[in-house]
> 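Please find one structure pasted underneath; my questions will follow.
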Protein chains: 2
Amino acid sequence: MDSHADSDFTLANLPYGAFEAGSGTRVGVAIGASVLDLVELAQSGLLDGVCDEPVEVFGSGSLNAFLALGPEEWGATRARIAGLLSHDDPRLRDDVNLRERAFVRQRDVELLMPFDVGNVADFYGCKEHAINCGEILRPGSDPIPANWPHMPVATNRHRSTVRETGVPVIRPCGQTPPGPGAAIPRHGPTEKLDFEVELGYVVGGATELGQPIAAAEADRHLFGVMLVNDWSARDIQRWESTRHFTCKSFVTSISPWVVPLAALEPFRVPGPVQEPEVLDYLRVDSDWNLDLTLEVRLETERMRELGLAPELLARVNPKGLYWNAAQVLAHLTSTGATIGPGDLYWSGTISGFGELERGCLLELTHDGSRPLELASGERREYLADGDVVTLSGWGGADSGRVGFGSVVGEIVPARVAARA
Amino acid sequence: MDSHADSDFTLANLPYGAFEAGSGTRVGVAIGASVLDLVELAQSGLLDGVCDEPVEVFGSGSLNAFLALGPEEWGATRARIAGLLSHDDPRLRDDVNLRERAFVRQRDVELLMPFDVGNVADFYGCKEHAINCGEILRPGSDPIPANWPHMPVATNRHRSTVRETGVPVIRPCGQTPPGPGAAIPRHGPTEKLDFEVELGYVVGGATELGQPIAAAEADRHLFGVMLVNDWSARDIQRWESTRHFTCKSFVTSISPWVVPLAALEPFRVPGPVQEPEVLDYLRVDSDWNLDLTLEVRLETERMRELGLAPELLARVNPKGLYWNAAQVLAHLTSTGATIGPGDLYWSGTISGFGELERGCLLELTHDGSRPLELASGERREYLADGDVVTLSGWGGADSGRVGFGSVVGEIVPARVAARA
């Protein structure tokens, strides 16, 4: 069987998603340009023993039932699928009828939200991002709040606006600070619409009230990782201050595939030294940072007219994240909060100090004061209507490549209400 | 039929909840000390026409299916139930067998979470609370942030820790500010465990992305109101600053019954004058404030030993809330966020300037500096293990009384982890 080298979805990856199959919504695994339909495998008995009632689990319309199971079932399922896809196993390789039913082309199916979203929170875990933003927005003052070195600071978020790739981004209208000399805030379409490139951490299993997870035990509760574009309206955000609320609740875009943590093992690296030393509940005893490449590309309407390729705006690596996924889970459950299947916690914007290492336009354009000069001859302070932003991300190369698929969003004009 | 005067659950109320009926979870309506089982009514055909498939809607395990319907079905259901409970309608009055099946005593059933919680957010809508807290925590500085008079400020919250009345409150452990001269924060059980008395707004229906709700149209999207105790750890909150996260995510307690907005019509009154004038999308053209009495009572272990009644700590009226439920919905959807059945948005602590009009211990004890002297001879800066806090609330009197039932929570000791 082809190793699908150069695809995001090699045999080393095997990420899970949900797709519309005509006969209902099913869980599938991406392989090259195809989706492997796990309900077909289950109905053929090939998933017997990986979990109880695999037909129900993978035919339930989303990943949640599978996420609810736990590390043993996740591991058994992954091992079984890898085995069935290997050259040595004849059961799928030689069953032409089953292969025809089980493999569908991604282009022929509608990819759906992979899971029903539970709790959501946005962390602020990248020190370079905090420093960059501080220098731009509050020059001369310490960019790192007093509590920041001691815990992964976060805000809870609105769950129902987390959407699959491709959902258009309607330019939001909102309150922005009063203009010079004015007493009343302005209200209208944001003039500072931004993207943010982030990693999302997908929870499996569930906890009870009052049951904190120590960082050292987080691997039993973290199922996988996805790409997140955490769209933000910077002018609305400025006026809301640190209580991010409507400035980030218009839509949050996620990749269609959840890459299991198991597939990311080769890319686990030590994180930055944490100084001062973290409290006990935040201590990890293994490597939790991920050495990956994440890219952001912009395509404007003019680029489409001119036939230009989308332009690379940013390339970042999450290996430098100060607060890792295990610490995120440990902190958010530290006072006893429950987590459950489908919870999604994202890392915060991922940046560095290099020129391309800036995971949002706020950083890339110094809040619009240094516009980007695009190859199309255009300039951008922030996103314009018609702009398409695409995130992509991967680790490794060739047959060992593990990618997330892309997260695409097109900016569409504000719907200005008649009475506004 | 008895009007159940002096009960929270008169014929003027008819609030909805969910209960375990042996044969599964059902939606019921509280009447006096009983629950009226809507599945029994539906199976007898008495709810025909109020909505499609009433047996499925009310037998689906929670209120969500009913909440999803809309104002026409909510109104028809309420009118039908009120009719069936009136002296003039013989269908339920004279059917002894049906009455026996349909009325169960509240004490004989387990009341459950009335609905699956969707999005959650905590508003900060009471000016008196903001002023009181500002004077206590930041004396000499303006207690009202610049954006506060222009929009209902809020934070999203963790949804899976919203629980029904009676769930114990496990004293949370968390990070608190470094002690004098120390560089590292402390970590351990909170020493400032507090209650907050609030109203919760329950959403019905659903919206699409990019579809803001003007405040003037909010009545089609707001189904009802409940009581909320938004437990808070003030020392953890102090360290988290304005990004409330773990300090309020250990548990949030709600009343078992959702009182429909229709039952609260007699208590709608004008809110305070909003000056400066609010932006168009926040304008209301009807009265949205509620003239109700909300009480907080404390029972300590010693009170139980001495046979003393729980002591009244606070009595507040939400009619003075600066930001009302319609404005809350308008603001949170203003940039295009979707809302859906089971969303729960709470008002923020409800306070006034009178001695008893302080909806949390932070205000009642000036952050612990002026302890309460209880009739039991005890003092309280903040809550102690074994304390039971009960919220209650109602409008009107006698047969017109509309109450919420109580929200009870007992503080149980912290579970200190072995390695902490």
Side-chain angles (χ1 to χ4, degrees), chain A residues 118-121 124 145-147 150-151 153-161 163 167 170 172-175 177 183-185 187 190 209-212 214 233 236 239-247 249-251 276-277 279-281 331-332 334-340 343 415 417 419-420, chain B residues 118-121 124 145-147 150-151 153-161 163 167 170 172-175 177 183-185 187 190 209-212 214 233 236 239-247 249-251 276-277 279-281 331-332 334-340 343 415 417 419-420:
Chain A
N119 295 295
V120 286
Y124 186 52
N147 57 8
H150 302 288
M151 62 185 181
V153 166
T155 49
N156 291 119
R157 293 286 294 281
H158 199 74
R159 70 187 273 260
S160 69
T161 44
R163 297 300 166 98
V167 168
I170 303 166
C173 294
Q175 284 195 33
I184 300 292
H187 183 263
T190 177
L209 273 183
Q211 188 185 102
I236 300 172
W239 184 228
E240 287 186 326
S241 186
T242 54
R243 294 180 190 260
H244 302 166
F245 189 59
T246 64
C247 65
S249 67
F250 47 99
V251 70
E277 206 178 341
L279 291 168
D280 278 352
Y281 76 97
H331 184 63
L332 86 87
S334 61
T335 55
T338 55
I339 58 173
D343 284 7
R415 297 180 186 163
R419 48 186 263 164
Chain B
N119 296 294
V120 287
Y124 186 52
N147 57 8
H150 302 288
M151 62 184 181
V153 166
T155 49
N156 291 119
R157 293 287 293 282
H158 198 73
R159 71 186 271 261
S160 69
T161 44
R163 297 300 167 98
V167 168
I170 303 166
C173 294
Q175 282 196 33
I184 299 292
H187 183 263
T190 177
L209 274 183
Q211 188 186 101
I236 300 171
W239 184 229
E240 288 186 326
S241 187
T242 54
R243 293 180 190 259
H244 302 164
F245 190 58
T246 65
C247 65
S249 66
F250 47 99
V251 70
E277 206 177 339
L279 291 169
D280 279 352
Y281 76 97
H331 184 62
L332 84 88
S334 61
T335 55
T338 54
I339 58 173
D343 284 7
R415 297 178 185 165
R419 50 186 262 162

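Only this structure's heavy atoms are used, side chains among them; waters, hydrogens and symmetry mates stay out. Proteins get letters first, then strands, A, B, ... in listed order; numbering begins at 1 in each. Note that the structure is predicted; figures quoted are calculated from it, not measured.
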> Look at Cys247(B), Gly210(B), Pro212(B) and state which one has the largest set of heavy-atom pairs under 4.5 Å with chain A.
Gly210(B)
> Determine whether the side chains of Ser334(B) and Thr246(A) contain a donor N or O and an acceptor N or O closer than 3.5 Å.
no
> Can you measure from CZ (Arg243(A)) to OH (Tyr124(B)) and round to the nearest 0.5 angstrom?
6.0 Å
> Between Val167(A) and chain B, with a heavy-atom cut-off of 4.5 Å, which part of the residue counts as in contact: side chain, backbone, both or neither?
side chain
> I'd like to verify something: which residue of Ala154(A), Gly336(A), Ala183(A), Pro145(A) has the highest number of heavy-atom pairs under 4.5 Å with chain B?
Ala154(A)
> Mind ranking Ile339(B), Val251(B), Asp343(B), Leu332(B) by heavy-atom pairs under 4.5 Å with chain A and telling me who comes out on top?
Leu332(B)
> Do you know which two heavy atoms are closest between His187(A) and Leu279(B), and how far apart they sit?
CB-CD1, 3.9 Å
> Working to the nearest 0.5 angstrom, can you tell me the gap between Gln211(B) CD and Arg415(A) CZ?
8.0 Å
> With chain A, which of Asn156(B), Thr242(B), Thr161(B) has the greatest number of heavy-atom pairs at distances under 4.5 Å?
Asn156(B)
> State which residues pass salt bridge (Lys or Arg N to Asp or Glu O under 4.0 Å) with Arg157(A); sequence neighbours excluded, sorted by chain then number.
Asp122(A), Asp230(A)
> Pick one of side chain, backbone, both or neither for Leu209(A), based on which atoms fall under 4.5 Å of a heavy atom in chain B.
both
> Does the His158(B) side chain pair with the main chain of Thr338(A), one donor and one acceptor, at a distance under 3.5 Å?
yes
> Take the angle between the ring planes of His331(B) and Phe245(A) and call it parallel below 30°, perpendicular above 60°, tilted in between.
parallel
> Mind checking what makes side chain to side chain contact (heavy atoms under 4.5 Å, CB included) contact with Ala233(A), not counting sequence neighbours?
Pro172(A), Thr190(A), Asp235(A), Ile236(A), Phe250(A)
> Looking at Met151(B), Arg163(B), Arg159(B), which makes the most heavy-atom pairs under 4.5 Å with chain A?
Arg159(B)
> Which value, rounded to the nearest 0.5 Å, describes the distance between Asn147(A) atom CG and Gln175(B) atom CD?
8.0 Å
> Pro185(B) versus chain A, heavy atoms under 4.5 Å apart: side chain, backbone, both or neither?
both
> If you take all heavy atoms of Ile184(A) and Pro276(B), which pair is closest and at what distance?
CD1-CB, 3.8 Å
> Ignoring hydrogens, what is the shortest heavy-atom contact between Ser160(B) and Asn119(A)? Give both atom names and the distance.
OG-ND2, 2.9 Å
> Could you pull out the closest heavy-atom pair between Ala337(B) and Ser249(A), with the gap in Å?
CB-O, 3.4 Å
